[in-house]
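It should be emphasised that the depicted structure is a prediction, and the values quoted were computed from it without experimental measurement.
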Amino acid sequence: MTTLKKIEAIVLEEQVDAIKQSLEAAGYVGMTVFPVKGRGSEGGIDLRWRATTYTVDFLPKVLVMIVVNEDVLNHVISLIVRSCQAPEFDPDPDHRSEHAQSWGKIFVSPVEQAISIRTALQRR
Amino acid sequence: MTTLKKIEAIVLEEQVDAIKQSLEAAGYVGMTVFPVKGRGSEGGIDLRWRATTYTVDFLPKVLVMIVVNEDVLNHVISLIVRSCQAPEFDPDPDHRSEHAQSWGKIFVSPVEQAISIRTALQRR
Amino acid sequence: MTTLKKIEAIVLEEQVDAIKQSLEAAGYVGMTVFPVKGRGSEGGIDLRWRATTYTVDFLPKVLVMIVVNEDVLNHVISLIVRSCQAPEFDPDPDHRSEHAQSWGKIFVSPVEQAISIRTALQRR
Amino acid sequence: MNTGDISWILCSSSLVMLMTPAVGLFYGGMVRKKNLLSTIMLSFTALVVITVQWVLFGYSLAFGPDVGHLIGDLSWFGLRGVGVAPNTDYAATIPHLGYMLFQMKFAIITPALITGAFVERVRFSTYVLFILLWATLIYDPMAHWVWGMGGWLRNLGALDFAGGTVIHITSGVAALCAALLLPQRRGFGKRPEDPNSITLTLLGAILLWFGWFGFNGGSAYAADGLAIQAIVNTNAAAAAAAITWMLLSGFNHRASVMGVATGAVVGLVAITPACGYVEVVPAMIIGTVGAVVSYYCIQFRHKLKVDDSLDVWACHGMSGTWGALATGLFATTTINPAGANGLFYGNPGLLWIQFVSVVVAWVWAFGMTALICKGLNAFSRMTVSAHEELVGLDLSQHGEEAAGSI
Amino acid sequence: MNTGDISWILCSSSLVMLMTPAVGLFYGGMVRKKNLLSTIMLSFTALVVITVQWVLFGYSLAFGPDVGHLIGDLSWFGLRGVGVAPNTDYAATIPHLGYMLFQMKFAIITPALITGAFVERVRFSTYVLFILLWATLIYDPMAHWVWGMGGWLRNLGALDFAGGTVIHITSGVAALCAALLLPQRRGFGKRPEDPNSITLTLLGAILLWFGWFGFNGGSAYAADGLAIQAIVNTNAAAAAAAITWMLLSGFNHRASVMGVATGAVVGLVAITPACGYVEVVPAMIIGTVGAVVSYYCIQFRHKLKVDDSLDVWACHGMSGTWGALATGLFATTTINPAGANGLFYGNPGLLWIQFVSVVVAWVWAFGMTALICKGLNAFSRMTVSAHEELVGLDLSQHGEEAAGSI
Amino acid sequence: MNTGDISWILCSSSLVMLMTPAVGLFYGGMVRKKNLLSTIMLSFTALVVITVQWVLFGYSLAFGPDVGHLIGDLSWFGLRGVGVAPNTDYAATIPHLGYMLFQMKFAIITPALITGAFVERVRFSTYVLFILLWATLIYDPMAHWVWGMGGWLRNLGALDFAGGTVIHITSGVAALCAALLLPQRRGFGKRPEDPNSITLTLLGAILLWFGWFGFNGGSAYAADGLAIQAIVNTNAAAAAAAITWMLLSGFNHRASVMGVATGAVVGLVAITPACGYVEVVPAMIIGTVGAVVSYYCIQFRHKLKVDDSLDVWACHGMSGTWGALATGLFATTTINPAGANGLFYGNPGLLWIQFVSVVVAWVWAFGMTALICKGLNAFSRMTVSAHEELVGLDLSQHGEEAAGSI
Ligand SMILES: Nc1ncnc2c1ncn2[C@@H]1O[C@H](COP(=O)(O)OP(=O)(O)O)[C@@H](O)[C@H]1O
Ligand SMILES: Nc1ncnc2c1ncn2[C@@H]1O[C@H](COP(=O)(O)OP(=O)(O)O)[C@@H](O)[C@H]1O
Ligand SMILES: Nc1ncnc2c1ncn2[C@@H]1O[C@H](COP(=O)(O)OP(=O)(O)O)[C@@H](O)[C@H]1O
């Protein structure tokens, strides 16, 4: 019995296509994406309301969720990491930003069942 | 002590109402829905940018999340599966599509605590 | 080795800022928010389509996801709970609503890995 | 020629131009998100396709030299002979081309109105054929009968100031016919109707109201008191109808935003045939009754389980029918000497004539639309496959999505 | 009668019609998503309710035969006697109905402007009563005083080309009053203000600018040089004010989009009373100063913790006040012989008259609005319950949502 | 002076005013969500900045008393001497201020069109300088040459009814130049282009079409048959071009909504220089060919990997070039006696003159834009930092977001 894992990668919208393509090429097709807003380690950005100012520090991100078998977990993670590291996604190539912005985050958590509604066959 | 489980069903927007009603009828009220885009086993659909073409294969879906006690897990899953199998949700009743499209997917994962903010009573 | 936990708090949009600020003050910066719709224990609200009526009972909510080390889990939860209990978030201060509406819900679940894409260093 | 009149026909043509895409926005807000672009596109397509049809031969069929009181001949093909000089039969103080331009906008919006009947399932390519045939076989003759020199309903004395019979009844009845003949949307009646954006529908309604000032005011073909009277009536009827709907929905449940928008449009429809013949208080009565009629027709349509998805029949067909008949009740020659008196002003004959023209519009629109639908369906299905419907028309018909990929 | 003038009044009435829903879009973008429809609906409701009020008795109160320099009588009830013939007291070259139509749009937009003061918490049913009372008790008399034949401020020589005093001061001051008397939104000042869609606000601002050409240009009641001058001034003042706000926000932080939209509207407000009396360079000065005034008034309002939620007082009341006074500074009879010279053209008397009319507008609007609010509150609360506010007004007042169910 | 003509110039100026923000909406729907406000803001900023430039000195440079057939002098600075009396050189029946107002809208929209070339990366503050310089150094002289009394291309006999050369070629070629000189967006060509809202783009296209009636019809400077002819041609060309694009995209894949919107705009561009000189069937041919030209130019641009992000060159530069040349083919004095006959009407000379003016526009716009870009870049970078681009221009340039914080 294989165990399932849920990979949640929180990245920029621009990175999603690269992730998608590299996973597809490696045969991992199933995938769900969520529109989210996120804040990592970087500081805040000031927003304004007409003539007054306030700080908001959430930026639009995309969460890519992929459920995989445990045996391929590391492979899939490394594919994601690699496809996110293209130079055009470097958040600060010219080292001008005051904020150390990172390239995204991946969380892994356990999944106990995956059920396909069509067949209602349970894969444990 | 009962264990909690998180059910995540990724379905079409049209199916949500059916799920909601059948769960409600059975007494499962609490529920959270996420707007997502997803890709299962089917192939891609071509999109275009003015005069050029590219392929996108994510379709809008809804993720329905329900946290339940383990003892009713199978009951709830079967309710979801059944309410999604109405003929009007059959993705390909006339068998014309080249793509084998499925009816949606369900993932189950563990939950360790559920806390109601009002009471701040922890149910483990 | 510390274990990681995922906290998912489903609250009103107005509460997010209070949560954010109290966590930030306590040094917990990383955070992801999802736009969701949710239904807790309360009943339904009637919606309409031109001249006909139907019932919808999902309200817009925000899910705040925070991944933390297990050792600070209770601290973070209590921060969230407390910042959500300001009187201006009381759903029914004048006790006029027929529906008992609660203040939001928190779920906790296990996380097995957290990976920063920049460094690709795995923290287990 | 009069520059003031020309200036007004230029402006009112611009205003009416805006209405066809506005129908797209109005309808677009009511469908599911995955069919939003497709729904707007149906109206936008009517704009581009019927423009060319009209310039090439549609105008000539509708307004060209009469053949047997039934149709215009093709001597104005490609607008040959339709020039800067006025055509005194139609409008003495503006260029003939100006009259043609203004009428073009009417020919365009009518098929666009029908689209509410089959959104979320119509096949785009067949739809293009549908509106071409519909405009040519149904609209052009009908316009000739009522407005064309020599048209038999015109000769009979039927009054239709800005298109209640020609535009709203024909489109509403065609919608009913199409909804009865074409397959329903999958799951129709089993799931809630889910407007993807009432904001967009409101925006559409706003632009429709704005454009309707040109629609009804421009139908005077002059910048005169009659144009102003028509607009005052139009505005008052729309407001009265919106308030009526607000109250009806308020008593039933809560004052509905969608309802107020719908009510305003229904009031605008009801006053359209009458606006240049009645006083302002009757105009408000016409709007109010129109709202009541459409409100209950929508509920009736739901009971019958007819998938006229956006209620074109109830809102345009029935309110237009009421407006055409009401013209026979409230018309008065003190407002428009070129018109006639209605029943309440001592002339029951007009009501009869109006009734005849309503019946003609119903029968003609229903019968011919059935013919076109049957014909097209035999040749190429008018609706998409179940799978295409599930994926949504935006992707399946146009390969696009209303909002970005995530 | 002159067809060119009629054509222009038809167009400018259409343009101003569009402005009231545009206020709804402008405001709608600034509130939380759950109150979006409700906010647009407040403006839309003003359009439908005040239309009927105006046609029935509002116009007669404001412009009907004078009673003691204070109010019109009711002899024009239901527009009796208001017909196609011009009323030479008001506009000699267009039908009396045309003048009524154009003025109707002013009567409609004024209560709509106030709604920014109590969005996200006003009870819809009470709001309908509020605007009915407000239009009848505050707007109609004020319009009579300034513009009606025999009105005492008109007799005094107060200048208000397109409604600085009558429209912007009264609505802005009413907003201040309502914001002081009604409960604040829950959590006001404790959470960030979160515009749900600056895009929508921009769209509203765009349509407002567009419509303002009719608002100010139409106030010449003729298609003449004065109308053009008014529009040139309007456009220049709006641009100057927007640039000013861009710079103010840019120096403070970053050039704000919301700020530029707000600045443009504020400039349009400031030039409204003056646009038909001043030259183009003074117009730009008026716009610029208006932007500075409103910019700092918003910050002041925040410090005072008054929940005039969308700054109607700062943007309309204060900029309108500045514009009315500026008319007393910059007006010149070389632009408009029917006007007067201002202080900078050698006539300090006009400034005094303008000052008087400003004070009158402030006192009248504040006092009467307080009365109406107190009265209504005694009878039926003007704001919703805490639970309804939390759920949002779209659902609690209208049973609808701006965007589809997921 | 003629009130009908004045009424029309007032309306058409209002319509064209709306077009510049509409360009913002049209472009805004095509970029990524994080750059949406910024994109609309670029157009809105052109509206406010160029208004002031034009009033102060731009109009004087373009239309003031001629200096050496090259430029106007500054004697009309601040609109001194530009008053209510007509300037018979430019438009005999409307106030000189009215001509100035209408031309202002042209001066405003031209730089706004260019912005499609560098959206999603242009630094806002430098952009403001860019359009100021561009309008002053490129647009004002070019307008003088073609339309100003004494301008050398005007003297040569070049025909440009509503701005094909002056507006569309200059902006399209400037866009090409800027796209070649400025850095591309990061990841350009490696990730899919992702329009954030085709609905918004459609809304923009709708408002553009609506406004274009004023753009082309107003260029007659009178409410006459020529204005109507121009609008009829405009509408027909837009429809023909949209249908053409629909078919091209349909054959290639599926009938694209974005494509139909783009096609309509391209058709409007193509007919702009010709609309007051040609008959309606040639107008449809001009629209059709314009669509084909732009369609393939977009694909060519993609192959060349030039980041003219929203295809200003292909849609405006190339379609405008085609339109200017087509004027030399199809113009006929039966439509406009003040024009000339084209090649197909027996006069090859006109085509040559049109060709010369096209070449002049290309060379002038390309060369001067290069100069401005180089100059500005030396002084302050025209594009944002990589980090700012990643975060998006809405936040980095304006500190705002299109939609609320979650
Ligand atoms: N502890 C955390 N809990 C939940 N989400 C987090 C956490 N840390 C980071 N994230 C999410 O991951 C995204 C990327 O993280 P990181 O690269 O550190 O941040 P950013 O690039 O936003 O500075 C964040 O925007 C946030 O959505
Ligand atoms: N391995 C996976 N990981 C994450 N999400 C998945 C996975 N497989 C399927 N999904 C999600 O479930 C949805 C339904 O799956 P399925 O029925 O196979 O796909 P579809 O109906 O889209 O072909 C998909 O759209 C996707 O969002
Ligand atoms: N069993 C559950 N499963 C999933 N989500 C739940 C569950 N119970 C509650 N929720 C989510 O938590 C939110 C807050 O819950 P609660 O405070 O009980 O509800 P509400 O305030 O909506 O009545 C709900 O709106 C819903 O999104």
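- Proximity to chain E (any heavy atom under 4.5 Å) is restricted, for F:L200, to the side chain, taken from C-beta onward.
- Proximity to chain E (any heavy atom under 4.5 Å) is shown, for F:L10, by both the backbone and the side chain.
- Between E:F161 and E:Y277, the gap from one ring centroid to the other is short of 6.0 Å.
- Each of F:L25, F:T115, F:I109 was scored for a side-chain contact (heavy atoms from CB on, under 4.5 Å) with F:S43, with one residue passing: F:T115.
- Proximity to chain E (any heavy atom under 4.5 Å) is restricted, for F:L36, to the side chain, taken from C-beta onward.
- The pair E:R186-E:E389 does not count as a salt bridge, with every side-chain nitrogen at least 4.0 angstrom from each carboxylate oxygen.
- Considering only heavy-atom pairs separated by less than 4.5 Å from chain E, the leading option among F:M104, F:K105, F:M1 is F:K105.
- Between F:T3 and E:W8, every side-chain heavy-atom pair lies at or beyond the 4.5 Å cut-off.
- Per-residue heavy-atom pair counts under 4.5 Å with chain E were compared for F:L47, F:V55, F:I40, and the maximum is reached by F:L47.
- Looking at E:V281, the atoms closer than 4.5 Å to chain F (heavy atoms on both sides) all sit in the side chain, from C-beta outward.
- Of the two parts of E:N2, only the side chain, counted from C-beta on, holds a non-hydrogen atom closer than 4.5 Å to a non-hydrogen atom of chain F.
- In this pair, F:Y90 and F:H96 present their aromatic rings tilted. The plane angle is within the 30 to 60° band.
- Top candidate by heavy-atom pairs under 4.5 Å with chain E, chosen from F:G28, F:P21, F:S14, F:G24, is F:S14.
- Proximity to chain E (any heavy atom under 4.5 Å) is shown, for F:I50, by neither the backbone nor the side chain.
- Highest contact tally toward chain F, considering only E:L226, E:D224, E:T201, E:I6, is held by E:D224 [criterion: heavy-atom pairs under 4.5 Å].
- Using a 4.5 Å cut-off between heavy atoms, E:L203 touches chain F through its side chain atoms alone.
- Between F:Y139 and F:F106, the distance separating the two ring centers is not shorter than 6.0 angstrom.
- Here the two rings, on F:Y221 and F:F102, have centers that are under 6.0 Å apart.
- With a 4.5 Å cut-off on non-hydrogen atoms, F:V84 touches chain E through its side chain but not through its backbone.
- Once rounded to the nearest 0.5 Å, the distance linking CZ of E:F330 with CD of E:E279 reads 10.5 Å.
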